[in-house]
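This report concerns only the one structure given below.
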Amino acid sequence: MPKETSLKIATWNVNSIRTRQQLVREWLVTNQIEILCLQETKVVDGNFPRADFEELGYQVYVYGQKAYNGVAIFSKIPLKDVSVGFSPILGSTRVGDWDEQKRLITGVVNNTRIVNVYVPNGAGLNDSKYEYKLKWLGLLREYLQTLVKESSLDICICGDFNIAPEDKDIYNSEGKENHIMFSPPERQALQYVLDIGFQDALRKFNPNSGVFTWWDYRANGFSRNRGWRIDHHYLSPNLYEKAESCWVDLEPRKQVKPSDHTPVIVSLEF
DNA sequence: ATGGCGAATGCAATTCGA
């Protein structure tokens, strides 16, 4: 038994798990990933292609819906205390309709609660979906605040946040003040969540500009490297100390029929 | 400035994503 164990947690918006099934499988075969958090699975739970991943030794936890949204966690170690949506923590009275869109799944491993989120995109600043995004982030803050208050577990929040936190997280931030994924109100809403006490895992190791996780399918975004960093791992203080590396894997984005996102991986030493 | 591309639904064209 090694004195220290390493746990690699990846996050990847796959833009349909059924379309990306083979790509995800191949990536897991060539990479030693203990936990994979998926977003935009776009499939109801009964149709999730779980067998392919169970064969690789993963427990598969899903929370999906027809056509849109959907999150899942694959884990080599069985998770404890798995729950989906806001209501198990915040209560159905407070949450109301906010769990209609399937955007959050959580479970516990190694004294660590993993919270996998797919934050709403928001469409545009004058769209009702923008208001939805800001309110959803407010609810996420309440959710995390409640977790922190009610338990001493470490927390890793990872997923597609649909927000580039800083100028250097966009290939060119000029003129993007009113652009979805960069406007000040949404960045402030994210910062308000992080102010509870979470830190950006990637920025512990890499202060540089030009680190991206998403490239638009249109206008050859990837070949021109017109990217954005909108997928993140945010860690509570103890976990932040345990992080030993964090990186983006560009290989899946180079493949035929890729997702428009590529995986981000954090390695934790316990 | 606009639209570009890709996926789902469901079978043509529309909606959505970011």
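Given the structure is predicted, the values throughout are model-derived calculations rather than measurements. Numbers restart at 1 for each chain; the letters A, B, ... are given by sequence-line order, proteins then strands.
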Could you state the [atom1]-[atom2] distance from [X] to [N], rounded to the nearest angstrom?
| X | N | atom1 | atom2 | answer |
| --- | --- | --- | --- | --- |
| A:Trp215 | B:dG4 | CH2 | C1' | 19 Å |
| A:Gln39 | B:dA18 | CD | P | 10 Å |
| A:Glu40 | B:dT15 | CD | C1' | 13 Å |
| A:Leu23 | B:dG6 | CG | C1' | 14 Å |
| A:Lys66 | B:dG10 | NZ | C1' | 9 Å |
| A:Gln65 | B:dA7 | CD | P | 19 Å |
| A:Asp127 | B:dA18 | CG | P | 13 Å |
| A:Gln255 | B:dG6 | CD | C1' | 17 Å |

Does [N] have its OP1 or OP2 closer than 4.0 Å to a side-chain nitrogen or oxygen of [X]?
| X | N | value |
| --- | --- | --- |
| A:Arg18 | B:dA7 | no |
| A:Asn13 | B:dA18 | yes |
| A:Ser16 | B:dG6 | no |
| A:Asn121 | B:dG17 | no |
| A:Lys257 | B:dA7 | yes |
| A:Lys42 | B:dT9 | no |
| A:Tyr118 | B:dA18 | yes |

Practice task
Begin from the C-alpha positions of A:Asn225 and A:Trp215 and carry the test side-chain hydrogen bond (donor to acceptor under 3.5 Å, both in side chains) through to its verdict.
Solution key: CA-CA 7 Å; A:Asn225 199 23; A:Trp215 299 257; 3.0 Å; yes
Problem - Pair A:Arg229-A:Asp200, salt bridge (charged side-chain N to carboxylate O under 4.0 Å, His left out): steps then yes or no - result: CA-CA 12 Å; A:Arg229 191 175 75 95; A:Asp200 187 334; 2.8 Å; yes
Quick one: label [X] by what it contacts on the DNA or RNA (base, sugar-phosphate, nothing), any heavy atom closer than 4.0 Å.
| X | value |
| --- | --- |
| A:Arg20 | sugar-phosphate |
| A:Lys129 | sugar-phosphate |
| A:Trp214 | sugar-phosphate |
| A:Asn69 | nothing |

Handout entry: Residue whose nearest DNA chain B nucleotide is more 5′ - A:Ile17 or A:Arg103
Key = A:Ile17
In whole Å, what separates the [atom1] atom of [N] from that of [M]?
| N | M | atom1 | value |
| --- | --- | --- | --- |
| B:dG4 | B:dT14 | P | 14 Å |
| B:dG3 | B:dA12 | P | 26 Å |
| B:dG10 | B:dC16 | P | 14 Å |
| B:dA18 | B:dA7 | C1' | 14 Å |

Practice task
Output the rest of the hydrophobic cluster of A:Leu23: all Ile, Leu, Val, Met, Phe, Trp and Tyr residues reachable through side-chain heavy-atom contacts under 4.5 Å, sorted by chain and number.
Solution key: A:Trp12, A:Val14, A:Ile17, A:Val24, A:Trp27, A:Leu28, A:Val29, A:Ile33, A:Leu36, A:Leu38, A:Val43, A:Phe48, A:Phe53, A:Leu56, A:Tyr58, A:Val60, A:Val62, A:Phe74, A:Trp247, A:Ile265
Completion exercise
Looking only at B:dT9, B:dT15, B:dA7, the nucleotide nearest the A:Ala67 side chain is B:dT9
Completion exercise
Among B:dA8, B:dC5, B:dC16, the one nearest any side-chain atom of A:Tyr217 is B:dC5
Practice task
Start with the C-alpha gap between A:Asn116 and A:Tyr61, add the side-chain angles, then the distance that decides, and say whether side-chain hydrogen bond (donor to acceptor under 3.5 Å, both in side chains) holds.
Solution key: CA-CA 11 Å; A:Asn116 174 21; A:Tyr61 307 92; over 6 Å; no
Handout entry: Pair A:Arg113 + A:Asp81: basic N to acidic O under 4.0 Å
Key = yes
Handout entry: Single hit among A:Ile105, A:Asn69, A:Leu104 for side-chain contact (heavy atoms from CB on, under 4.5 Å) with A:Tyr63
Key = A:Ile105
